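Below is one structure; the comments refer to it alone.
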Protein chains: 2
Amino acid sequence: MLRVSRLTDYATVVMTVIATHPADVLSTAQIADEARLELPTVSKLLKLLGHAGLVESFRGVNGGYRLARPAEAISLADIVEALEGPIGLTECSIAQGHCDRHAQCGVSGSWQSVSGAIDGVLRGMTLAQMLAGRPAAPAKGAANPAQANA
Amino acid sequence: MLRVSRLTDYATVVMTVIATHPADVLSTAQIADEARLELPTVSKLLKLLGHAGLVESFRGVNGGYRLARPAEAISLADIVEALEGPIGLTECSIAQGHCDRHAQCGVSGSWQSVSGAIDGVLRGMTLAQMLAGRPAAPAKGAANPAQANA
DNA sequence: TGGAAACCGGACCAAAATGGTACTGTTTTC
DNA sequence: GAAAACAGTACCATTTTGGTCCGGTTTCCA
Ligand code: FES
Ligand code: FES
């Protein structure tokens, strides 16, 4: 389905919740409550996001999480990468040489090309735009050209 | 990793192999041999691609497969959709209403936006372009045009 | 008329990824 | 020192994926 993991989807929800309170340090329980997600799940997500440097964590009583950067400086690509690793549609397009078919298959170049384009799209969508809830087209005004597919 | 299935990757290889012989009807064995893939796997791929209307199949002796459309009219999006279904990064972006969190999460709009953009990218890459991107024609020297019964 | 080539449609299974949870430790505040 | 809250990790159930196989059907050719 060319889909992103459900955890990644939830991560965007969590990030928007945090971004709604830019001045506060929110506990996992608060975030889970606002995001309507299970607490252990949110906990896992926050750990990943913290590891990627997208959120700042504070331990101890009254601890919690806060955005490490303003929402304008956090892109959807950052979140996706935090959850799913480097962006690349195929394994061959991430690390060449891993595939013995690389020599004559020749499609890896095309995959790399589209991977780069998609990376640009994801990088053009910022958390601030997601917060606005009414985001314009990310990079290019790519409305669906023709849905007429057999 | 925001990756496409490995089968989808193989499908592009298979499609380029078929597109290299626009005038011939290639058997599954021939395609598998040129693509350096296992025959049962290629068989499954061809079935899927045939269902999607991307290749034409001919039964019986000397049967095989052929592109149903010129390579210029087949896009990467067509191949991806044939293997993985409709393009959409999240489940919510494909069918709204499946998610009880849809009301207040608000990120589904953003996901739909980027999904549309990615769909445009994939639709802009044609099989002909993928063919052109190849470094060189691999094993085209073996001119076994019609009915390689041998 | 018979056999062989080749596709068709499934079912089937093993392996891997995913989603989700739980537990124990460590840090900080009061 | 007790409680709050994050850190790390380990674990398991479920789903998805990858890959294979089999019987059936169609077509061509001798
Ligand atoms: S390089 Fe790996 S399949 Fe093309
Ligand atoms: S609509 Fe499903 S998580 Fe946002």
Side-chain angles (χ1 to χ4, degrees), chain A residues 1-11 13-14 18 24-33 35-66 68 80 82-85 89-91 99 101, chain B residues 1-11 13-14 18 24-33 35-66 68 80 82-85 89-91 99 101 144 146-150:
Chain A
M1 198 203 300
L2 185 55
R3 66 180 161 81
V4 90
S5 158
R6 203 191 317 176
L7 267 294
T8 304
D9 190 4
Y10 290 166
V13 178
V14 165
I18 300 176
D24 300 324
V25 173
L26 302 176
S27 71
T28 306
Q30 285 177 290
I31 298 170
D33 183 61
R36 303 289 204 282
L37 294 171
E38 296 302 317
L39 191 140
T41 300
V42 175
S43 172
K44 180 185 245 180
L45 287 173
L46 268 325
K47 280 176 225 174
L48 270 307
L49 293 169
H51 202 258
L54 300 184
V55 297
E56 223 173 348
S57 68
F58 300 92
R59 305 179 69 152
V61 174
N62 296 333
Y65 293 92
R66 191 177 54 181
V80 170
L83 272 291
E84 318 207 356
L89 290 188
T90 65
E91 316 179 26
C99 185
R101 281 175 281 276
Chain B
M1 197 199 302
L2 184 56
R3 65 178 163 81
V4 90
S5 158
R6 202 191 318 177
L7 267 295
T8 304
D9 190 4
Y10 290 165
V13 177
V14 166
I18 300 177
D24 300 323
V25 172
L26 301 177
S27 71
T28 305
Q30 285 176 291
I31 299 170
D33 183 61
R36 304 290 203 282
L37 294 170
E38 297 302 317
L39 191 139
T41 300
V42 175
S43 172
K44 179 185 247 184
L45 287 173
L46 268 325
K47 282 176 223 172
L48 270 307
L49 293 170
H51 276 162
L54 300 183
V55 297
E56 223 173 349
S57 67
F58 300 92
R59 304 179 68 150
V61 174
N62 296 335
Y65 293 91
R66 192 177 53 181
V80 170
L83 272 290
E84 319 205 355
L89 289 188
T90 65
E91 316 178 25
C99 185
R101 282 175 280 276
N144 47 359
Q147 293 75 23
N149 187 2

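The structure presented is a predicted model; accordingly, all values stated were derived computationally and were not measured. Per chain, numbering begins at 1; letters A, B, ... match sequence-line order.
Side-chain to base pairing of A:Arg59 with C:dT28: no donor and acceptor N or O lie closer than 3.5 Å to each other.
B:Gly63 comes within 4.0 angstrom of the backbone, heavy atoms only, and of no base. Residue B:Gly50 is classed as having no contact, given no heavy-atom separation below 4.0 Å to the nucleic acid. Residue contacts for B:Thr28: at a heavy-atom cut-off of 4.0 Å it reaches the sugar-phosphate backbone alone, with no base atom in range. If you check every strand for non-hydrogen atoms under 4.0 Å, A:Leu46 touches nothing.
Residue A:Ser5 places at least one side-chain N or O closer than 4.0 Å to OP1 or OP2 of C:dG19. Between B:His51 and the phosphate of C:dG9, there is a side-chain N or O to OP1/OP2 separation shorter than 4.0 Å. Distances shown here put a side-chain N or O of A:Ser57 below 4.0 Å from the OP1 or OP2 atom of D:dA7. Put simply, A:Tyr65 has a side-chain N or O that comes within less than 4.0 Å of OP1 or OP2 on D:dA7.
Taking atom CD of B:Glu84 as the reference point, atom C1' of D:dT16 lies 12 Å away to the nearest angstrom. The nearest whole Å value for the distance from the CZ atom in A:Arg6 to the P atom in D:dT16 is 9 Å. Rounded to an integer number of Å, the gap from OH of B:Tyr10 to C1' of D:dT20 is 15 Å. Atom CD1 of B:Ile31 and atom C1' of C:dA6 are 12 Å apart (whole Å). Rounding to whole angstrom units, CG of residue A:Leu26 and P of D:dC6 are separated by 10 Å. With rounding to whole Å, B:Asp9 atom CG is found 16 Å from D:dG19 atom C1'. Per the geometry, CG belonging to B:Leu49 stands 14 Å off C1' belonging to C:dC7, to the nearest Å. When rounded to the nearest whole Å, the span between CD of B:Gln30 and P of C:dA5 equals 14 Å.
Mapping A:Leu39 and A:Gly60 onto DNA chain C via the closest heavy atom, the residue that lands nearer the 5' end is A:Leu39. Annotation: of the two residues near DNA chain C, B:Ala29 and A:Leu7, the 5′-most nearest-nucleotide partner is B:Ala29.
Atoms CG and CG, from B:Leu45 and B:Leu37 in turn, are 7.5 Å apart once rounded to the nearest 0.5 Å. Interatomic distance, B:Leu89 CG to A:Thr8 OG1, rounded to the nearest 0.5 Å: 10.0 Å. To the nearest 0.5 angstrom, A:Thr41 atom OG1 is 9.5 Å from A:Arg6 atom CZ. The distance from the CD1 atom of A:Ile31 to the CG atom of A:Leu46 is 4.5 Å, given to the nearest 0.5 Å.
Here the nucleotide nearest the side chain of B:Thr41, chosen from D:dT20, D:dC6, D:dT16, is D:dT20. For A:Val61, the side-chain atoms get nearest to C:dT29 when compared with the rest of C:dT29, D:dG19, C:dT21. Looking at the side chain of A:Lys47, the nearest of the listed nucleotides D:dA7, C:dT29, D:dG18 is D:dA7.
Side-chain contact between A:Arg66 and A:Phe58 is present, with at least one heavy-atom pair separated by less than 4.5 Å.
Side-chain N or O atoms of A:Glu84 include one that pairs as donor or acceptor with a backbone N or O of A:Ser5 at under 3.5 Å.
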